[in-house]
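Just so it is clear: chains get the letters A, B, ... in the order the sequence lines come, proteins before strands, and each one is counted from 1. Predicted model, so just to flag it, every value in this text is computed and none were measured.
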Amino acid sequence: MPVSRRRPWLLLAAPLTVIAALLLWPIIRVTYLAFQAYGLEEVIAGKPRFIGLDNFREILGGDYLWKVVFPNTLVFAFVAVVGTIVLGTLVALLLQRLGTVGRAIVIGSALLAWALPAVTGTYIWVWIFDPDAGVMRTALEGIGLIGPEGYNWFTERLSFYAIAVTNVIHHSYPFVAITIFAGLATVPDELHEAAMLDGASGWRRFWSITVPIMRPVFAVVTILSTIWDFKVFAQIYLMPGGDGGNPDIFNLGVWSYITAMAKTNYGLGSAIAVLLTVLLLLITLIYVRALFREDELR
Amino acid sequence: MIHRTSPLGRVGIWCATVVLVAFTLFPIYFMLTTAFNGQATSGTDALLPKNLTFDNFSRALGDGNFGRFMMNSAIVTVVTVLFSCGIALLGAVAMARFQFRFRTTVLIMILVVQMLPAEALLIPLFLQMKDLQMLNSLFGLILVYVAFSLPFAIWNLRGFVAAVPQELEEAAYLDGCGWWQMFRHVLFPLVVPGLIATSAFSFVMAWEEFTFARTFITNEPTMTVGIGLFRFFGQNTNDWGGLMAASSLVTLPVMVVFVLAQRRLGAGLVQGAVK
């Protein structure tokens, strides 16, 4: 083989080895483990036991997945993605209307929010909503909305996830806003000017001009946000009750982690992880199909 | 663009900007005022800085052992960034500059592995590291972080490599350079901005990673900052001043990197997204 034919593979040797050993092989292994009984007993015996689809039967057969984990995962991801995209788009449109100074302030503060690590960000939101001394409690108590007995937002599913959604949107809207703002610059001014002469309102122009032209950009940010929000882990795990204390608020990732690591049931935990992976693959596939169809039309 | 905004509209834009900036900066402001506050026993006390003090910081660094955790994280982060960017550059050059069989397959695989959830890789990798007795070692963490940042790094760098005009390479060949010489003297210097953007992403990932650190590291001497915060929170549940001081210490390097790489960050995202 001539050098020029071999060279790409020489260059790819190191990255592909790392990806194969540390990403592809573990995915194969977790799928294999999902079909095994691998709990404390088997760890002591040193050998997992093949049990076919039993793990999946246990997950899919129980109410817990359908009534708690799926709603938590899906509704959270949906609200977080829609919230992030809507807020990001509004901020991008706002940026267009601001002067240089205003723009610098908004982009600068957005960069800081983006840079705030997920772990520290989560602790700050927990501190704001702390049931004993948090600023939210004292403020609401001060204006008489809650009594002196206070209120624990973290035990109730809905309020728990409202805080988680706020945390995730705060952290992820800057990426969407900055990307869409960059994309808006590619929409030709003439289109807006012509539509304005025809008397089209801002709302109408947004849906008939901006959205169709920006569709690929919207598609990319939506795909990325969906994938990120589906596998949110630290932001849930680090909130009170998220590390195992309150099973009402588990999502797929946390459930898998607690089952495998805290309860030492690697087999069942792997099956839940496989379910999450398959779900993510399906979503990616649906989005990519939709994207390609758009491309063919144009 | 022409925007004829009425005075009322201008007030609206003003209000929206103020509300947005307040929402965006409030958590960061609140973290800092709690961290520097001498008596942060309740949230409203912490709102306005009184009794400015460094006590919380010295407690975090002393009892909380945060100096050690930050050192560990710094080692893990620097090694991860060097390794992942180094081998990602080789991969990116292969993908951007060569036509070869299975190129599309490799490209799709790189896209798909980016989507894999950490939770799915965690169980097998944990069992593997346990077998190899690499739990509680920084080296084990580095290996995993390199693998995790690699697909995105290749994807991101590919855009930068493709943007370098092919004519420059050909000119180098005409001057008698071999391929590696051309790579070192022509291609490499031109993709340095791309390397900076990519390093920023790997840096942030490795610095603040929590899930794997939580699972792999149980011994205090090898803990990184993400897990250090978690432990600090568990031990001193009501020491919000200390926790926020530690959080500020963890946040500072990330903010510095973001501000330094800011321009290139944008360029990397756009080029990466448009291929």
Side-chain angles (χ1 to χ4, degrees), chain A residues 7-8 11-12 14-15 18-19 22-23 26-27 29-30 33 91 94 96-98 102 105-106 109-113 115-121 123-125 127-128 130 133-135 138 170 178-179 182 189 192-193 220 227 231 233-234 253 256-257 260-261 266 269-270 273 276-277 280 284, chain B residues 1-3 5 13 16-17 20-21 24-25 27-28 30-31 41-44 47 87-88 90-91 93-94 98 100 106 113 115-121 123-125 127 143-144 146-147 150-151 154 179 208 210-211 215 226 229-230 233 240 243 247 250-251 254-255 258 262 266 269-270 273:
Chain A
R7 182 154 288 132
L11 292 169
L12 278 169
V18 173
I19 289 176
L22 289 148
L23 298 175
I27 268 302
R29 183 125 189 255
V30 79
L33 284 174
V91 173
L94 179 72
Q96 272 202 315
R97 289 169 182 254
L98 288 173
I105 292 172
V106 171
S109 57
L111 268 175
L112 291 184
L116 192 67
V119 177
T120 52
Y123 281 131
I124 298 171
W125 289 104
W127 170 216
I128 291 174
D130 183 59
V135 62
T138 30
H170 179 265
I178 289 169
T179 313
D189 280 351
H192 279 283
E193 283 161 22
V220 168
I227 291 173
K231 49 183 189 186
F233 177 82
S256 158
Y257 187 87
M261 294 303 156
Y266 300 122
S270 297
L276 174 63
T277 312
L280 279 170
T284 319
Chain B
M1 196 187 272
I2 34 159
H3 282 300
T5 320
I13 287 175
T17 311
L20 176 74
V21 171
T24 310
L25 292 184
I28 299 162
F30 196 46
M31 170 178 82
T41 42
S42 94
T44 22
L47 263 188
I87 55 183
L90 300 181
V93 171
F98 292 92
F100 53 95
V106 174
V113 291
M115 175 229 74
L116 295 176
E119 295 91 316
L121 302 165
I123 301 169
L125 283 172
L127 295 171
L143 266 183
V144 173
V146 168
L150 201 52
I154 296 176
W179 192 86
E208 63 180 64
F210 173 75
T211 317
T215 317
L229 276 180
F230 177 74
F233 184 62
W240 287 105
L243 181 67
S247 297
V250 174
T251 306
V254 186
M255 298 231 166
F258 260 61
Q262 182 212 334
L269 284 174
V270 171

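Nearest heavy-atom pair across I124(A) and P27(B) is CG2-O, 3.5 Å. Minimum heavy-atom separation, Y123(A) to W240(B): O-CZ3, 3.9 Å. The two residues K231(A) and M115(B) make their nearest non-hydrogen contact at NZ-O, 3.3 Å. Contact record, A147(B) with L23(A): O-CD1, 3.5 Å, taken as the closest heavy-atom pair. When all heavy atoms are compared, the tightest approach of G121(A) to L116(A) is CA-CD2, 3.8 Å. For the pair G91(B) and I154(B), the tightest heavy-atom approach, listed with the atom from each and the gap, is C-CG2, 4.2 Å.
Heavy atoms closer than 4.5 Å to chain B are found in the side chain of I227(A), but not in its backbone. Heavy-atom distances place the side chain of T284(A), and not its backbone, under 4.5 Å from chain B. Using a 4.5 Å cut-off between heavy atoms, L116(B) contacts chain A through both its backbone and its side chain. Interface residue L33(A): only side-chain heavy atoms are found under 4.5 Å from chain B. Both the backbone and the side chain of F230(B) come within contact range of chain A, each with at least one heavy atom under 4.5 Å from a heavy atom of that chain. Residue contact with chain A, scored on non-hydrogen atoms closer than 4.5 Å, involves the backbone and the side chain of L143(B) alike. If you measure heavy-atom distances from L150(B) to chain A, the contacts under 4.5 Å come from the side chain alone. If you measure heavy-atom distances from L94(A) to chain B, the contacts under 4.5 Å come from the side chain alone.
Contacts with chain B were tallied for A113(A), G102(A), P117(A); P117(A) has the most, counting heavy-atom pairs under 4.5 Å. Ranked by heavy-atom pairs under 4.5 Å with chain A, the list V144(B), T215(B), V93(B) is led by T215(B). Among L229(B), V250(B), V113(B), V146(B), the residue with the largest count of heavy-atom pairs under 4.5 Å with chain A is L229(B). For the options F100(B), W179(B), F210(B), heavy-atom pairs under 4.5 Å to chain A are most numerous at W179(B).
Side-chain contact between I123(B) and M261(A): present, with at least one pair of heavy atoms (C-beta onward) separated by less than 4.5 Å. Contact annotation: the side chain of V21(B) never approaches that of T24(B) to less than 4.5 Å [non-hydrogen atoms, C-beta and beyond].
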